[in-house]
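Structure, as structure tokens:
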Protein chains: 2
Amino acid sequence: MKLNNRDYICPVEAVIDILGGKWKLLILRELMSGTKRFSQLRRAIPNITQKMLSKQLRELEERGIVKRTVYPQVPPKVEYSLTPIGKKLSKVFDAMHQWGAEYIKTYLR
Amino acid sequence: MKLNNRDYICPVEAVIDILGGKWKLLILRELMSGTKRFSQLRRAIPNITQKMLSKQLRELEERGIVKRTVYPQVPPKVEYSLTPIGKKLSKVFDAMHQWGAEYIKTYLR
DNA sequence: CTGGATCCAACTAGATACTG
DNA sequence: CAGTATCTAGTTGGATCCAG
């Protein structure tokens, strides 16, 4: 999976390209409920390392899904929020949530 | 990403777990339009290798998304189709398609 | 025709230590 | 507080050859 791959055969691929991987959906889910600081995200997502959190956030920012706001103060304060197109992912998220819940109910218990 | 990981924090993760990777969505998309043979899928999906196609199909089968039907004849004939829960992925697919199209329109041209 | 087996390159993610 | 740097283990995907 490459960054900025514009050779999608189908628009659907863009979603997997952007949301794929272990952490991005969990990060997006946290941001759906509003702006969060780096440390808030870190606490909210169990087991994520600083490296992975900052890397995933940078990728989401590059793709225009997440907005990063730096407050130039000491100690540093950085806030992350969803862009307009990022907020629209909530519909995809809802569809995934509904299907996932049914799948788990059917197959994983 | 592991197979059969039942420790999802959120049902949404199941979708990425099942659909993640380079090929699964493209395979599912082909199967949405009906039952297909191995060779049909191979022709329909540009650049996929035999190994990847059979591997992805096996994973989708293990997860109960795809049904595999073998006709015991020579030469062999194997058909793949979506299970009921697999067919229900079409809603997720549609939401992804809509968002992806808007994203591409906005950011990738 | 429908794959399995093997080898290998590239990428991903975790652990740990360090910094303005 | 919010990261970066480095090292390493594990995973993914491609190429190629083989088989019922």
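The chains referred to below are lettered A, B, ... by the order of the sequence lines, with proteins before strands, and numbering in each begins at 1. All values below were derived from every heavy atom in this structure, side-chain atoms included, with hydrogens, water molecules and symmetry-related copies excluded. These numbers come from a predicted model, not from an experiment.
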From CG of B:L60 across to P of C:dG3 the rounded distance in Å is 13 Å
B:I16 CD1 to C:dA13 P, in whole Å, measures 12 Å
Note: B:L19 and B:K24 closest approach over all heavy atoms is O-CB, 3.8 Å
Would one find a side-chain N or O of A:R58 under 4.0 angstrom from OP1 or OP2 of D:dG3? no
Got a salt bridge between A:E102 and B:K88, using NZ or NE/NH1/NH2 to carboxylate O under 4.0 Å?
yes
Examine distances only and state if a side-chain atom of [X] and a backbone atom of [Y] form a donor-acceptor pair shorter than 3.5 Å.
X: A:Q40; Y: A:R37; result: yes
X: B:W99; Y: A:I85; result: yes
X: B:T35; Y: B:S81; result: no
X: B:Y103; Y: A:R63; result: yes

For residues [X] and [Y], determine if any side-chain heavy atom of one lies less than 4.5 Å from a side-chain heavy atom of the other.
X: A:C10; Y: B:H97; value: yes
X: A:F38; Y: A:S54; value: yes
X: B:L53; Y: B:W23; value: no

With five pairs defining each end axis, the helix from C:dC1-D:dG20 to C:dG20-D:dC1 comes out bent, to 10°, by 50°
Within residues 65-80 of chain A, those residues having any heavy atom closer than 4.0 Å to DNA chain D are A:R68, A:P75, A:P76, A:K77, A:V78, A:Y80
Within residues 29-57 of chain A, the residues having a heavy atom closer than 4.0 Å to DNA chain D are A:R37, A:F38, A:S39, A:Q50, A:K51, A:S54
Answer yes or no for B:K36 and B:Y80: cation-pi contact, defined as NZ/CZ to six-membered ring centre under 6.0 Å and angle to ring axis within 45°. no
